[in-house]
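Have a look at the structure below, then the notes.
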There are 2 protein chains.
Amino acid sequence: MAVNLSVPDVLHPVPGVRLGVAEAAIKKPGRKDLLVIALDPGARVAGIFTRNAFCAPPVQVCRERLAAAHEIRALVINSGNANAATGQGGIDDARLTAAAVARALDAAPESVLPFSTGVIGQRLPIDRMTAAAPQAVKAATSAGWLDAMRAIMTTDTVPKGATRKLRTSQGEITVTGIAKGVGMICPDMATMLAFIATDARLTPAATQRALVNAAGQSFNCVTVDGDTSTNDSCVLVASGKTGSVEIDEQHADYPLVLGAITEVCVQLAQAVVRDGEGATKFISIEVGGAKTEAEARQVAYSVAHSPLVKTAMFASDANWGRIAMAIGKAGVEGLDQGSVSIALDDVQLIERGQPHPSYREELGSAVVAKEEFSIRIGLGRGTAAARVWTCDFSYDYVKINAEYRT
Amino acid sequence: MAVNLSVPDVLHPVPGVRLGVAEAAIKKPGRKDLLVIALDPGARVAGIFTRNAFCAPPVQVCRERLAAAHEIRALVINSGNANAATGQGGIDDARLTAAAVARALDAAPESVLPFSTGVIGQRLPIDRMTAAAPQAVKAATSAGWLDAMRAIMTTDTVPKGATRKLRTSQGEITVTGIAKGVGMICPDMATMLAFIATDARLTPAATQRALVNAAGQSFNCVTVDGDTSTNDSCVLVASGKTGSVEIDEQHADYPLVLGAITEVCVQLAQAVVRDGEGATKFISIEVGGAKTEAEARQVAYSVAHSPLVKTAMFASDANWGRIAMAIGKAGVEGLDQGSVSIALDDVQLIERGQPHPSYREELGSAVVAKEEFSIRIGLGRGTAAARVWTCDFSYDYVKINAEYRT
């Protein structure tokens with residue numbers, strides 16, 4: 001089902017980062033569903049998380065530990081159960097899982113960050129998790145990225161990873177990342193689960209800044225269904241294993257490293273949409289001529305979330321009236337439909353509120369029949385712009401989500 | 001498909017109001033798709049309209065004419081084409097259609113309000129419309145409500161009407177209304193197309209006030225898909241044919257008349273949801289314990305619009321984790337999940353953020369297996385409340401909207 005998305009065959013190792021998986025039989029037996037990412041001492045770790053008020057216990061524990069500036073020695077991630085809406089018991093479970101990893105690493109309990117993804121509202125099988133944790137630690141190797149990206153999948157149909165190498169003044173640097181997520185996707189300053197690592201020697205502040213910047217250009221520009229997960233977490237690790245000088249935001253290497261991190265994040269974020277539940281189309285929604293970037297995003301998301309637009313795209317129906325409807329309902333104060341223009345790729349539909357004289361149905365149909373295309377919207381009231389990536393809305397979205405727990 | 005919704009067999013005539021239909025073959029031939037509602041002189045007419053910035057030409061013409069306080073002598077409504085996103089040409093078409101009705105009634109052109117519903121982005125077949133208009137005027141009769149409610153249907157599977165009689169100090173009063181709409185339903189201070197008439201002698205101000213109040217309790221509480229139409233229009237006619245004294249908002253009869261108007265609007269609004277595209281469930285979302293009514297509505301709509309909640313309901317799956325997710329993503333500032341409670345009808349799931357000890361999956365499943373049930377949410381931070389009616393999200397929603405134009 002995924003739109004133009006293939007399985008990565010190479011993910012470059014990142015010095016200072018080892019990955020190991022084990023089977024905890026969380027949802028069902030027969031699959032490696034527990035991942036440990038072990039970090040050498042000295043790594044800088046930045047995280048951003050869901051803004052959903054029902055954020056899951058592991059998110060709460062991660063936030064506490066990062067805020068307290070504990071040195072982070074490992075991440076532990078399970079699929080099959082989100083450990084969300086589980087109350088105080090869920091917080092205990094997250095801490096116990098992290099503690100089991102810490103023991104196996106001979107590290108402090110607070111040095112491990114827990115992450116979970118899967119069904120909401122069920123307690124973790126904590127005994128099986130704490131038994132599997134040391135096995136995953138023992139299995140950890142710098143070549144473990146490909147297994148790791150599979151361990152965190154839930155309803156994903158394709159495992160998601162991206163990798164880059166770049167030359168800096170301090171030698172060759174690697175950036176490698178993995179992600180999971182196909183539904184409940186509308187990150188709000190965060191993402192699904194995504195883990196990106198580099199051996200660049202970023203300062204702690206530069207690590208956080210690079211993550212926020214890269215996520216703003218990638219994970220915060222995608223939506224599958226407008227539903228913001230309780231568990232969205234995105235982590236950037238800078239192991240600092242390569243180079244002799246720390247890279248802060250003023251360092252000449254910073255833009256190079258940020259560029260590579262952003263590229264990896266964009267590839268991962270697009271992979272989430274390409275593998276969106278039931279997706280048959282990959283659609284860029286580009287809004288320009290806005291007064292502010294926030295306003296441009298508001299319009300882009302209004303179009304991207306409209307079930308009527310999404311079902312029309314599934315049908316390869318250039319039903320642009322629904323696009324106009326979704327622009328109009330976005331709630332932009334004082335928007336004048338007489339200034340709005342709409343195009344599908346380069347085919348102009350509406351120009352300053354009037355149907356374009358050269359438009360014919362066949363031209364629009366030819367665009368939306370493709371697997372990838374752009375919906376381009378000009379608001380005609382400013383110079384700000386934004387872009388959002390989304391997918392269509394098919395029978396399979398309903399099927400996948402109506403049958404998810406059965 | 002519609003959930004517990006039957007075809008009305010009686011709609012009481014309203015003195016001073018006559019309805020006639022004719023065939024204009026707008027989308028296809030063979031059906032009466034043009035309706036004229038003719039009003040005796042002296043009727044008070046109030047209208048509320050979509051807040052979609054891409055509001056359709058007929059909406060723009062209606063707004064102008066009501067703002068200019070022209071005496072209104074007729075409404076003309078067509079189905080099969082929304083005359084939306086049609087630019088200046090669409091405004092001309094709306095005026096020409098209204099003018100054809102005005103000529104047949106020997107009334108001023110500005111005394112006719114035009115309404116359209118159907119596909120967006122296509123011009124009306126104006127010659128056939130102006131030819132059919134005088135036929136509809138000629139056919140108009142006070143017994144025309146049942147034919148009228150059928151003429152305005154688009155993808156509706158059941159025609160929608162409601163009627164009440166009530167005793168006032170001025171004698172027996174009638175309130176009768178019709179509505180259409182099943183998709184692109186998320187009215188924003190307005191509704192689909194709904195036309196309600198009474199013979200009560202309401203003042204102009206009381207007519208407007210009664211409409212705004214009644215819509216606030218009815219049409220503004222429903223959503224099918226979160227998409228706000230370009231054409232939403234709701235009109236209340238007070239013909240003033242019964243009674244000798246004008247009813248203003250201080251008059252003892254006002255609450256009685258308002259009550260009957262509200263009942264008719266609630267029945268029509270619920271009918272829209274019961275016949276929601278692909279609907280198999282009718283769901284009330286009741287939010288209490290909010291700081292403000294706006295906040296309660298925000299949470300209710302977040303749940304009502306969540307595709308993940310709606311597909312779970314379709315599957316009769318008590319997947320309450322998705323309800324928690326939708327509450328959390330609603331964007332309520334400072335919402336504490338530790339104060340939130342969730343119930344399905346009387347089955348408590350979450351109490352103050354913790355899973356309820358007595359909850360078992362079978363209890364929740366029994367509720368969501370029903371055709372009608374409530375999702376009850378307590379935010380635990382105030383005393384304000386709101387209620388929204390919605391439906392589930394099924395394969396047929398996708399089918400209907402993927403195939404709408406083909």
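To find a chain, count down the sequence lines: A is the first, B the second, and so on, and within it residues start at 1.
Proximity to chain B (any heavy atom under 4.5 Å) is shown, for A:Y395, by both the backbone and the side chain. In this structure, no portion of B:S316 lies under 4.5 Å from any heavy atom of chain A. Interface residue A:T86: only backbone heavy atoms are found under 4.5 Å from chain B. Both the backbone and the side chain of A:P307 have a heavy atom closer than 4.5 Å to some heavy atom of chain B.
Among B:G353, B:S302, B:A324, B:G90, the residue making the largest number of heavy-atom pairs under 4.5 Å with chain A is B:A324. The candidate from A:G321, A:A53, A:G87 with the greatest count of non-hydrogen atom pairs under 4.5 Å with chain B is A:A53. The candidate from A:S306, A:A312, A:A84 with the greatest count of non-hydrogen atom pairs under 4.5 Å with chain B is A:S306. Your options are B:A330, B:G331, B:A82, B:A85, and the one with the most heavy-atom pairs under 4.5 Å with chain A is B:A85.
Exactly one of B:D93, B:N81, B:N78 qualifies for a side-chain hydrogen bond (donor to acceptor under 3.5 Å, both in side chains) with B:S116. That residue is B:N78. For the side chain to side chain contact (heavy atoms under 4.5 Å, CB included) with B:I327, the qualifying choice from B:I377, B:V309, B:V287, B:I375 is B:I377, the only one to do so.
With hydrogens and angles left out, the side-chain atoms of A:T155 and A:E277 include a donor and acceptor closer than 3.5 Å.
Interface residues of residues 54-62 of chain B toward chain A, defined by a heavy-atom distance below 4.5 Å and sorted by number: B:F54, B:C55, B:Q60. Of residues 333-340 of chain A, those residues lying under 4.5 Å from chain B by any heavy-atom pair are A:L335, A:Q337, A:V340.
In this structure, CG in B:D392 is found 12.0 Å from OH in B:Y397, a value given to the nearest 0.5 Å. Note that CD of B:Q354 is 10.0 Å distant from CZ of B:R352, once rounded to the nearest 0.5 Å. Considering NZ of B:K281 and CZ of B:F314, their distance stands at 9.5 Å, rounded to 0.5 Å.
Ring centroid separation for the pair B:F393 and A:F393 comes in under the 6.0 Å cut-off.
Counting all heavy atoms, side chain and backbone alike, B:T154 lies closest to B:S79 at CG2-CB, 4.2 Å. The shortest heavy-atom contact between A:A290 and A:L379 is CB-CD1, 3.9 Å. Closest of all the heavy-atom pairs between B:V388 and B:A304 is CG1-CB, 4.0 Å.
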Yes or no on side-chain hydrogen bond (donor to acceptor under 3.5 Å, both in side chains) for A:K310 and A:T390, after CA distance, side-chain angles and deciding distance? CA-CA 9 Å; A:K310 291 167 94 80; A:T390 192; 2.8 Å; yes

One pair to check against side chain to side chain contact (heavy atoms under 4.5 Å, CB included): A:V303 and A:R322. What are the steps and the verdict? CA-CA 9 Å; A:V303 175; A:R322 294 181 180 176; over 6 Å; no

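In this pair, B:F115 and B:F49 present their aromatic rings parallel. The plane angle is below 30°, not in the 30 to 60° band.
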